[in-house]
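The chains referred to below are lettered A, B, ... by the order of the sequence lines, with proteins before strands, and numbering in each begins at 1. What you see is a predicted model, and the numbers here were worked out from it, not measured in a lab. Note: hydrogens, waters and symmetry copies are ignored here, and every other heavy atom, side chains too, is used.
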Number of protein chains: 2
Amino acid sequence: MRELVRAYQAFASYDADGYRDSELTVPQADVLFTLGNTDGLSFKEIGEKTLITKGTLTGVIDRMEQKKLVKRRVCTEDRRITYVALTKQGERLFEKVFPQQVDYIKQRFDRLSKSELKDIGQALTKLHEIFI
Amino acid sequence: MRELVRAYQAFASYDADGYRDSELTVPQADVLFTLGNTDGLSFKEIGEKTLITKGTLTGVIDRMEQKKLVKRRVCTEDRRITYVALTKQGERLFEKVFPQQVDYIKQRFDRLSKSELKDIGQALTKLHEIFI
DNA sequence: TATTGTTATACTCTATAACTATA
DNA sequence: TATAGTTATAGAGTATAACAATA
């Protein structure tokens with residue numbers, strides 16, 4: 001448990017440094033990365049994936065919309081649902097920041113051997129399962 | 001990387017549920033657990049352990065002091081340093097919430113075998129090391 | 001009635017930088 | 001001069017609940 005927290009803190013701190021100059025807050029980067037390579041997701045789906053509650057998410061999306069990174073689109077079949085998708089500008093930012101971020105993180109994972117990476121992947125999957 | 005984020009999110013969400021009715025915010029719980037079983041730590045030490053920056057920490061400690069959970073004490077040898085320690089009330093809360101929390105989390109870890117736990121521990125230690 | 005997202009409130013945290021006091 | 005903590009500012013996130021629109 002301690003180790004999980006420590007490992008994640010170290011990772012999260014390193015990770016946040018990666019997109020520090022992108023003008024994104026942590027939740028905003030989370031949303032950007034969640035929306036990347038999709039045609040748009042509903043508020044509900046985004047909330048489930050990022051663990052941001054709906055009231056908060058409205059504000060986060062508002063600010064990203066002001067920055068022209070995302071766009072709302074009401075679902076025509078069920079008008080209660082609002083989809084959020086990246087704009088062209090949002091996609092450009094995603095395509096710039098995401099690979100950078102992956103590389104940045106990969107630098108550290110490259111310090112490990114293939115078998116270590118496999119073990120870590122399995123360990124994390126088990127951890128994930130027990131805490132769902 | 002995805003797995004690490006997912007595993008931690010699942011854990012963090014479960015963890016926060018554990019002390020939801022303790023009237024503590026996440027950073028405050030973090031500080032409480034950091035100060036538990038110590039004679040007090042300086043702002044600097046608390047900041048290093050919790051990754052809360054100094055400006056923010058002053059506010060967090062202010063609010064915990066208002067709730068009578070912690071007390072400041074200026075170091076007599078080096079008067080620039082302020083130690084923060086749990087009050088009796090803070091200790092009582094720690095002694096109530098911490099074991100509860102450990103049990104609560106243990107419930108989930110108990111789903112794993114000893115060898116799985118060992119593997120996970122090792123994996124997390126490696127992760128921690130590469131991201132320092 | 002149940003669900004989706006918005007609004008409202010009040011507070012807490014965050015980042016940043018300038019500042020005070022000690023060393 | 002360097003360090004420890006405080007203050008100031010402005011913005012962002014959080015929890016919660018009530019609300020509107022839609023199903």
Side-chain angles (χ1 to χ4, degrees), chain A residues 9 12-35 40-67 69-85, chain B residues 9 12-35 40-67 69-85:
Chain A
Q9 278 185 343
S13 161
Y14 182 81
D15 181 55
D17 283 344
Y19 48 81
R20 165 151 304 173
D21 50 2
S22 69
E23 310 267 319
L24 291 171
T25 63
V26 171
Q28 288 173 22
D30 204 357
V31 169
L32 185 81
F33 294 164
T34 300
L35 290 177
L41 298 172
S42 68
F43 271 80
K44 194 173 181 229
E45 290 168 322
I46 300 171
E48 283 163 0
K49 290 187 197 260
T50 60
L51 300 184
I52 300 172
T53 53
K54 58 183 182 176
T56 304
L57 191 54
T58 296
V60 173
I61 298 297
D62 283 349
R63 287 180 284 275
M64 292 182 78
E65 202 165 24
Q66 275 169 28
K67 294 186 196 172
L69 296 175
V70 299
K71 242 187 148 169
R72 282 171 163 90
R73 190 181 83 251
V74 173
C75 174
T76 46
E77 285 119 52
D78 183 341
R79 299 175 46 73
R80 291 172 304 184
I81 296 174
T82 302
Y83 288 112
V84 182
Chain B
Q9 278 185 344
S13 161
Y14 183 81
D15 182 53
D17 282 344
Y19 50 80
R20 166 152 304 171
D21 51 0
S22 69
E23 311 265 318
L24 292 170
T25 64
V26 171
Q28 288 173 19
D30 204 356
V31 170
L32 185 79
F33 294 165
T34 300
L35 289 178
L41 299 172
S42 70
F43 270 81
K44 193 170 183 235
E45 290 168 322
I46 299 171
E48 282 163 0
K49 289 186 196 259
T50 59
L51 300 185
I52 301 172
T53 53
K54 58 183 182 175
T56 304
L57 191 54
T58 296
V60 173
I61 297 297
D62 283 349
R63 288 179 283 276
M64 292 182 77
E65 202 164 23
Q66 275 169 29
K67 294 187 196 173
L69 295 176
V70 299
K71 242 186 148 169
R72 283 171 162 90
R73 190 181 81 249
V74 174
C75 175
T76 46
E77 284 118 53
D78 183 342
R79 296 176 47 73
R80 292 173 303 184
I81 296 174
T82 302
Y83 289 112
V84 182

Note to self: Nearest whole Å is fine: how far is dT14(D) C1' from Arg63(B) CZ?
What the structure shows: 12 Å
Next item on the list: Could you check which of dT6(D), dT14(D), dA23(D) has an atom nearest any side-chain atom of Thr58(B)?
Entry: dT6(D)
Margin query: Using whole Å, what does the distance between atom P of nucleotide dT14(D) and atom CD of Gln28(A) come to?
Written below: 11 Å
Margin query: I need the CZ-P distance between Arg80(B) and dT22(C), as an integer number of Å.
Written below: 11 Å
Note to self: So if I take every side-chain heavy atom of Phe43(A) and compare against dT6(D), dC13(C), dG5(C), which nucleotide ends up nearest?
What the structure shows: dG5(C)
Next item on the list: Hey, which sits more toward the 5' end of DNA chain D by its nearest nucleotide, Asp78(B) or Thr56(A)?
Entry: Asp78(B)
Margin query: Between P on dA12(D) and CG on Leu24(A), what's the gap in Å once rounded to a whole number?
Written below: 12 Å
Item checked: Selected nucleotide, minimal atom distance to Arg72(B) side chain, candidates dA23(C), dT6(D), dG13(D) -> dT6(D)
Notebook entry, point to check: With sugar-phosphate meaning primed atoms plus P, OP1 and OP2, does Lys44(B) contact a base, only sugar-phosphate, or nothing at under 4.0 Å between heavy atoms?
Noted result: sugar-phosphate
Margin query: If you assign each of Lys67(B) and Gly59(A) to its closest nucleotide in DNA chain C, which residue comes earlier from the 5' end?
Written below: Gly59(A)
Item checked: Whole angstrom value for the distance that separates P of dG13(D) from CD1 of Ile46(A) -> 14 Å
Item checked: Atom-pair distance (CZ on Arg79(A); C1' on dT4(C)), nearest Å -> 13 Å
Next item on the list: Give Thr82(A) one of three labels, base, sugar-phosphate or nothing, depending on what nucleic acid heavy atoms sit under 4.0 Å from its own.
Entry: sugar-phosphate
Check: Just wondering, are more than 12 heavy atoms of other shown residues or ligands nearer than 6.0 Å to NZ in Lys71(B)?
Finding: no
Check: Considering only dC13(C), dG5(C), dG5(D), which nucleotide approaches the side chain of Val60(B) most closely?
Finding: dC13(C)
Check: Which whole-number value in Å describes the distance from Ile61(B) CD1 to dA4(D) C1'?
Finding: 14 Å
Check: Which part of the nucleic acid, if any, lies within contact of Gly55(A), taking any heavy atom under 4.0 Å across all strands shown: a base, the sugar-phosphate backbone alone, or nothing?
Finding: base
Next item on the list: Mind listing the closest non-hydrogen atom pair of Phe43(B) and Ile61(B) along with its distance?
Entry: CE2-CG1, 3.7 Å
Item checked: Side chain of Thr53(B) (C-beta onward), nearest among dG5(D), dA15(C), dT4(C) -> dA15(C)
Notebook entry, point to check: How would you label the contact of Glu77(A) with the nucleic acid (heavy atoms, under 4.0 Å): base, sugar-phosphate, or nothing?
Noted result: sugar-phosphate
Checklist line | Nearest-angstrom distance from the residue atom CG of Asp30(A) to C1' of dT14(D) | finding: 15 Å
Item checked: Out of dA23(D), dG5(C), dT6(D), whichever nucleotide has its closest atom nearest the side chain of Lys54(B) -> dT6(D)
Item checked: Over 12 non-hydrogen atoms of neighbours within 6.0 angstrom of CZ in Arg79(A) -> no
Notebook entry, point to check: How is Thr25(B) classified with respect to the nucleic acid when contacts are heavy atoms under 4.0 Å: base, sugar-phosphate, or nothing?
Noted result: sugar-phosphate
Item checked: Glu23(B) atom CD, over 12 foreign heavy atoms within 6.0 Å -> no
Next item on the list: For the pair Lys44(A) and Glu48(A), find out whether any cationic side-chain nitrogen is under 4.0 Å from an anionic carboxylate oxygen.
Entry: yes
Next item on the list: Compare every heavy atom of Val84(A) with every heavy atom of Leu35(A), then report the nearest pair and how far apart it is.
Entry: CD2-O, 3.4 Å
